[in-house]
Number of protein chains: 2
Amino acid sequence: MARRRVKEDRRGEIAKCAGALFAEQGVRATTVRDIAEGVGMLSGSLYHHFKTKNDIVHELMRQYGDDLVARYEQAAVLGGTAIERLRRLFHACLEANLQNPDEEAILIRELDALFREPEFGYIHEMLVQIESLFVGVIQSGMESGEIRADIDVHFVYRMMMDVMGAVPRWYDPSQHAKDDVVEGWIDIFTRGVGRAAAE
Amino acid sequence: MARRRVKEDRRGEIAKCAGALFAEQGVRATTVRDIAEGVGMLSGSLYHHFKTKNDIVHELMRQYGDDLVARYEQAAVLGGTAIERLRRLFHACLEANLQNPDEEAILIRELDALFREPEFGYIHEMLVQIESLFVGVIQSGMESGEIRADIDVHFVYRMMMDVMGAVPRWYDPSQHAKDDVVEGWIDIFTRGVGRAAAE
DNA sequence: GTCTATACATCGATAGAC
DNA sequence: GTCTATCGATGTATAGAC
């Protein structure tokens, strides 16, 4: 077990360094020579640990994808009002960003580019899974009377996901309190910014 | 004048074709040979019309940027309530998407990658300009009492811009009525999705 | 497990004939 | 204004010595 730890560490070290570079400048713009330099070896040596450059991306995304879905599933589970579950979903999004900022940045950044290729199909399956979790929560809120039933569920979902998807572009844990952001979202999404809502 | 028209047409033809390819697969992933094939010539011939590949991107973005700012400026101009001006701003966003979908897709797609390079600095200046237009409208709404004054202006702006920035990813003019989308945004942003807001 | 060395493909861009 | 031909840089990946 300890032996395996050491063996895996080198691989993990490469993945972590590559993740930082991918997040910063994009997968395509990052060369295997960049990655190798980052971990102090030559590009040829990388291929002892990974078969291809994209395999590093797969390693990062498969791991992060599992983590992300697990977080959302736990957040969406019954318990509390629909708004409270929505709050937990938003919280899960920021929490994931805090713990794996590079992976989240890569996920969002490559969605319309690299991840459209067939070999990354599992990523879109994951997004569908997350969408159904969100839609389920919103819908249950409509049935319970917490959420307006006169708006399209998927329209609401899209707005929420678009807002969350932009997080890697601006979220800085040292500048923004996680709870403040979540409450800000919940506040605006539930009550709106209209003056009437505040009275 | 007619003469110049013809001369400019070839250049425009190249830019248009390149724009479609850039929007679909990203600037970096699109080769000069792809572009040349698209307009029926060989890659070397492109360089009679453009000095570099990036110059084609500049041509597209400078033109679109001017168009975009003009639209937003016209929408933000005084007249009507703050909500009505906000409605016009949203409308301008979708209108720009309808008329130049490729350029808008490129703008969003390359924001975190290519457009971070110094030679594209004017793009970020443009975004700052647009932000101040939005913030101005929101703030005037707070002062007039239309919009809640207990929330951060830039937080609201960011949510709105994040939603608009995702448009190229899903907006299909044949499936979504422009006015419906705008009204949906206005409705949720002003009143929220909470049941209380509907009563 | 890393390095040396290099194969092999593809890229942006250029020079000069037509 | 386009084509032919190609340069030089850069990319991923491989083979074999150490």
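- Mapping B:Ser43 and B:Ile14 onto DNA chain D by nearest heavy atom places B:Ile14 at the nucleotide closer to the 5' end.
- Using a 30° and 60° split on the angle between ring planes, B:Trp170 and B:His176 fall in the perpendicular class, above 60°.
- Taking atom CE of B:Met41 as the reference point, atom P of D:dG1 lies 10 Å away to the nearest angstrom.
- A:Asp172 and A:Ser174 form a side-chain donor-acceptor contact under 3.5 Å, judged by distance and modelled atom types alone.
- Rounding to whole angstrom units, CG of residue B:Leu42 and P of C:dT10 are separated by 17 Å.
- Contact annotation: B:His49 side-chain N/O to D:dT2 OP1/OP2 distance is under 4.0 Å.
- As a whole-Å value, the separation of B:Phe50 CZ from C:dT14 P is 15 Å.
- In this structure, A:Glu37 places its CD atom 16 Å from C1' of C:dC3, rounding to the nearest Å.
- The side chain of B:His48 contributes an N or O atom lying less than 4.0 Å from OP1 or OP2 of D:dG1.
- For the pair A:Arg28 CZ and D:dT10 P, the computed distance is 17 Å after rounding to whole Å.
- The residue among A:Thr31 and A:Gly44 whose nearest nucleotide of DNA chain D lies closer to the 5′ end is A:Thr31.
- Between the side chain of A:Arg10 and the base of C:dG1 there is no donor-acceptor pair of N/O atoms closer than 3.5 Å.
- Side-chain proximity of B:Tyr47 to the nucleotides D:dT12, C:dT14, D:dG1 is greatest for C:dT14.
- Listed nucleotides: D:dA13, C:dG12, C:dT4. Nearest to the side chain of A:Thr52: D:dA13.
- Scanning atom types as modelled, no donor and acceptor separated by under 3.5 angstrom connect the side chain of B:Arg33 and the base of C:dT10.
- Across the protein-nucleic acid pair, A:Asp55 atom CG and D:dA13 atom C1' stand 12 Å apart, rounded to whole Å.
- There is no path of hydrophobic side-chain contacts, each under 4.5 Å, that joins B:Phe120 to B:Ile108.
- Side-chain nitrogen and oxygen atoms of A:Ser45 include at least one within less than 4.0 Å of the OP1 or OP2 phosphate oxygen of C:dC3.
- Counting to the nearest Å, the C1' atom of D:dA13 and the CG atom of A:Asn54 are 13 Å from each other.
- Residues B:Tyr122 and B:Phe115 share a single hydrophobic cluster, defined by chaining ILVMFWY side chains whose heavy atoms lie under 4.5 Å apart.
- Of the residues near DNA chain C, B:Asp34 and B:Lys51, the one whose nearest nucleotide (by heavy atom distance) lies more toward the 5' end is B:Asp34.
- With B:Tyr157 as reference, B:Val135 is the one residue of B:Leu133, B:Val137, B:Val135, B:Asp152 to meet the side chain to side chain contact (heavy atoms under 4.5 Å, CB included) rule.
- Regarding B:Lys53, its NZ atom lies at a distance of 17 Å from the C1' atom of C:dT14, rounded to whole Å.
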